[in-house]
Number of protein chains: 2
Amino acid sequence: MLFMSLSHAILTALLDEDLTGYALAKQFDVSLGFFWQASHQQIYRELKVLHQAGRVDVREVLQHDKPDKRIYSLTPQGRQMLESWITESTRPRGTKDELFIKLYNVGSVPVELIVKAVKQRQAEHAGKLELYQKIEARNYARPSSLSDRKKGIYLSLLAGIRQEQTALSWCDDALDLLATVKS
Amino acid sequence: MLFMSLSHAILTALLDEDLTGYALAKQFDVSLGFFWQASHQQIYRELKVLHQAGRVDVREVLQHDKPDKRIYSLTPQGRQMLESWITESTRPRGTKDELFIKLYNVGSVPVELIVKAVKQRQAEHAGKLELYQKIEARNYARPSSLSDRKKGIYLSLLAGIRQEQTALSWCDDALDLLATVKS
DNA sequence: TTCGTCATGTAAGACGTTACATGATTAG
DNA sequence: CTAATCATGTAACGTCTTACATGACGAA
């Protein structure tokens, strides 16, 4: 039984509050999920395994109006597992980005197609940047006066913001250079 | 049978020259592989499928001193497939980065562990940046006078360089802020 | 009445990683 | 003698994605 990043992401999300699989999936769509996405199927499966391994506890809550819930919480072993995972070195996981494959096709396919792909990407980056900056303004206006816990989360957000800004300015330059391509 | 990014990365690599599976795997370790890694096993499997689907041709070359080769080349259908893939919109594939999960643990585990992880990352980014800049200096000194084909490749490299620079400066800021964390 | 939210799951298939396996040649 | 390079693959396992499935409530 091998625990990979997803397990640790789940345990991390449980540091703050006890959550159902469903609520975890929601969390992954926003906060933590900006940097590690997971579908509800993955999460349910992983929770089952983590439970069998004693890394999380469950308490079942029966509801009459809605489906019953299974609320998960960290066990001491779960905490321990997180800490030792953090100690392990993170091996670099390479970038995988289709856009760059497309760029390698400049000169072999009509440039407009590639320009279109870059523009699409530009719009995505702009959207994400806007979202991140909204969150920053709302919750992280004064970084130095944040709680320790929030400082870590803020740093992730900051990385996201910088990445999007860099990507956006790259898009501008890319479109400029692609404009000089004939085909 | 579904063709995903890897197939298209392979076809793209075959635009320039006909290659063996082995040579493709080597290519993926450098150039294109900065943005899309693949192991030789994946490549061999994918080549088999692409061949069955008529997207690549093979010619077998018997060698006496070394093992025999199977040299793959693009077919017109392969080219067609590439072009229509480029036309399709690229759906955003989310970032997945363990480091950010680790950052979410600030406040719950000793900071030193996280500082260590950031420093490790810093070193990796520095290494990649150096490599990319070496390649830039050697092959892409004057971007505007490049061939169309090379302009696309250069833009990928440029994106890599900018990403690494951004990441490096983020590491500096992260280490500064983490220094203000008590636990 | 149709769509979205809450809440859980199964199953199939695609994709990725690690290990194993072969076998000759060349460089240290 | 050992390791690396050339060159191909299989097998086992792990992870991720997509589709399917159920069922009640509330809002438009």
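We name chains A, B, ... by the order of the sequence lines, and we start the count at 1 in each one.
We find that CD of A:E60 is positioned 12 Å from C1' of C:dA7, with the value rounded to whole Å. Remark: P of C:dT22 and OH of B:Y44 are 17 Å apart, rounded to the nearest angstrom. Summarising the geometry, the separation between CD on A:Q42 and P on D:dC16 is reported as 5 Å, rounded to the nearest angstrom. Atom CD in A:Q41 sits about 11 Å away from atom P in D:dA19, given to the nearest Å. A:F3 has its CZ atom 12 Å from the P atom of D:dG14, to the nearest Å. Remark: C1' of D:dT15 and CE of A:M4 are 8 Å apart, rounded to the nearest angstrom. Rounding to whole angstrom units, OH of residue A:Y72 and C1' of C:dA7 are separated by 11 Å. Rounded to an integer number of Å, the gap from A:H40 NE2 to C:dT10 C1' is 11 Å.
In this structure, the side chain of B:Q42 engages the main chain of B:S39 through a donor-acceptor pair within 3.5 Å. The backbone N or O of B:Q27 sits nowhere less than 3.5 Å from a side-chain atom of B:S31 that would complete a donor-acceptor pair. Side-chain atoms of B:Q37 come within 3.5 Å of backbone N or O of A:T95 as a donor-acceptor pair.
The salt bridge (charged side-chain N to carboxylate O under 4.0 Å, His left out) pairs that include a residue from residues 164-181 of chain A are A:D173-B:R162, where partners are two or more places apart or lie in different chains.
The shortest heavy-atom contact between B:V118 and B:A174 is CG1-CB, 4.4 Å. Across all their heavy atoms, B:D148 and A:G107 have their closest contact at CB-CA, 4.3 Å.
No N or O donor and acceptor, one from the side chain of A:R70 and one from the base of C:dG9, sit under 3.5 Å apart.
Between B:D68 and B:R45, it is B:D68 whose nearest contact on DNA chain D lies nearer the 5' terminus.
Remark: B:S39 in residues 12-39 of chain B come within less than 4.0 Å of DNA chain C through at least one heavy atom.
Aromatic rings from B:F100 and A:F34 are positioned such that their centres are separated by 6.0 Å or more.
An OP1 or OP2 oxygen of C:dG9 is reached within less than 4.0 angstrom by no side-chain nitrogen or oxygen of A:K48. Here B:K69 does not reach the OP1 or OP2 of D:dG9: none of its side-chain N or O atoms lies under 4.0 Å away.
To the nearest 0.5 angstrom, B:D57 atom CG is 9.0 Å from B:D18 atom CG.
Within the 4.0 angstrom heavy-atom criterion, only backbone atoms of the sugar-phosphate kind lie near A:Q63; the bases stay farther away.
For the 3.5 Å distance criterion, the side chains of A:T90 and B:K102 qualify, holding a donor opposite an acceptor.
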What does the list of N/O pairs under 3.5 Å between the protein and nucleotides 24-26 of chain C look like, with a distance for each?
none

